[in-house]
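All remarks here apply to the structure that follows.
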Amino acid sequence: MNIKNIYEKLFSFYGDLHWWPGDSDFEVLIGAVLTQNTSWKNVEKAIKSLKDHGDLSMDRIINMDEESLALRIKSAGFYNQKARYLKGICKAIKIKYDSLENMKNNFNEVYDFLSKLNGIGPETRDSILLYALNYKTFVIDKYTLRFFSRLYNKEFSYKDIKENTERSLNTIFELKNFHAMIVELSKDYCRKKPLCIKCPMNDICSYGNNGAVPD
DNA sequence: ATCCTGTTGG
DNA sequence: CCAACGGGAT
């Protein structure tokens, strides 16, 4: 079973999940930070709150004082540090690139740039690269590692899965939708306490076939 | 290993 | 009531 087959099997169950919703690349970037350890519903509220009081632009985040920004994004949790992160990230982008459009032509440089920013770890970085900047890169989160380790009954590294997936899937759409489908599967079935019996991947999963699981 | 924190679902 | 949440920093 290779990555492409896993993708197809998931796709026949979930189809196109339309990730990531957002009216602009910048909104996607903001959402990537806001959603850290937070459900997407609460991020939507935060973004709506921002939009209700002005347009969502880099300059506005930079010029907004940190406390009122924190208040606007309160529903997303961790609002003090996220407000600080967002301002710092926007300032750094403004200084080095001026706009997100100017970040779309140099993967290695942008990858290193994002990696150094406070508030952007591996998953947020990869999400921004894939969903906001449209680079052909795969997002690995803790769901992805758990999913693959159960599927093959083997521990994989971040690099293992990332390189293998980027080799096997050819389009940006597939990379976007693969991550989306793994997240949905992990919330619906491949949870910490998994629901293997009803899981659409059960018949090819080593963990599901050993299945010490509820009905 | 702990802190950051509001919201929702079971 | 508690667990979980498209994590990251120290």
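- Rounded to whole Å, atom P of C/dC5 lies 12 Å from atom CD of A/E123.
- Taking atom C1' in both C/dA9 and B/dT7, one finds a spacing of 23 Å when rounded to whole Å.
- Comparing A/I120 and A/P21 along DNA chain C, the residue whose closest nucleotide (by nearest heavy atom) sits nearer the 5' end is A/P21.
- Within residues 27-51 of chain A, the residues approached by DNA chain B to less than 4.0 Å at the level of any non-hydrogen atom are A/K41, A/N42, A/K45, in residue-number order.
- With rounding to whole Å, A/Y158 atom OH is found 14 Å from C/dG7 atom P.
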- request: Check step by step if side-chain hydrogen bond (donor to acceptor under 3.5 Å, both in side chains) holds for A/D52 and A/S49.
  value: CA-CA 5 Å; A/D52 284 346; A/S49 170; over 6 Å; no

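- Side chains of A/T171 and A/K176: no donor on one and acceptor on the other come within 3.5 Å.
- Going from atom OH of A/Y143 over to atom P of C/dG7 covers 6 Å, rounded to whole Å.
- Both A/I128 and A/Y158 belong to a single network of hydrophobic side chains, linked directly or stepwise wherever heavy atoms of I, L, V, M, F, W or Y lie under 4.5 Å apart.
- By the rule that hydrophobic residues join a cluster once side-chain heavy atoms approach within less than 4.5 Å of another member, A/F78 and A/L86 end up as members of separate clusters.
- Under a hydrophobic clustering in which Ile, Leu, Val, Met, Phe, Trp and Tyr are joined whenever their side-chain heavy atoms come within less than 4.5 Å, directly or via other members, A/V183 and A/F173 fall into the same cluster.
- Residues from residues 75-85 of chain A placing a heavy atom under 4.0 Å of any atom in DNA chain C, listed by number, are A/Q81, A/Y85.
- Follow the hydrophobic side-chain contacts under 4.5 Å out from A/L71 and you never reach A/I30; the two are in separate clusters.
- Within the 4.0 Å cut-off from OP1 or OP2 of C/dA4, at least one side-chain nitrogen or oxygen of A/K192 is found.
- Distance alone, capped at 3.5 Å, places no donor-acceptor pair between the A/R150 side chain and the A/R146 backbone.
- Counting to the nearest Å, the C1' atom of C/dG6 and the CD atom of A/E184 are 9 Å from each other.
- A/S68 and A/D65 are linked by a side-chain donor-acceptor pair at a separation below 3.5 angstrom, with hydrogens and angles left out of the test.
- If you take CG of A/L69 and P of B/dT5, they are 13 Å apart, rounded to a whole angstrom.
- Cation-pi check for A/K154 over A/F156 is met; the charged atom lies under 6.0 angstrom from the ring centroid and within 45 degrees of its normal.
- Here the separation of B/dT2 from C/dG6, taken at their C1' atoms, is 22 Å to the nearest Å.
- Contacts of A/I128 with the nucleic acid, taken as non-hydrogen atoms under 4.0 Å apart, are absent.
- Distance, A/L86 CG to B/dC4 C1': 14 Å, rounded to whole Å.
- To the nearest angstrom, P of C/dG7 lies 11 Å from CZ of A/R146.
- The NZ-P distance, from A/K142 to C/dG8, rounds to 10 Å in whole Å.
- Nucleotides B/dC4 and C/dC5, compared at atom C1', are 14 Å apart to the nearest Å.
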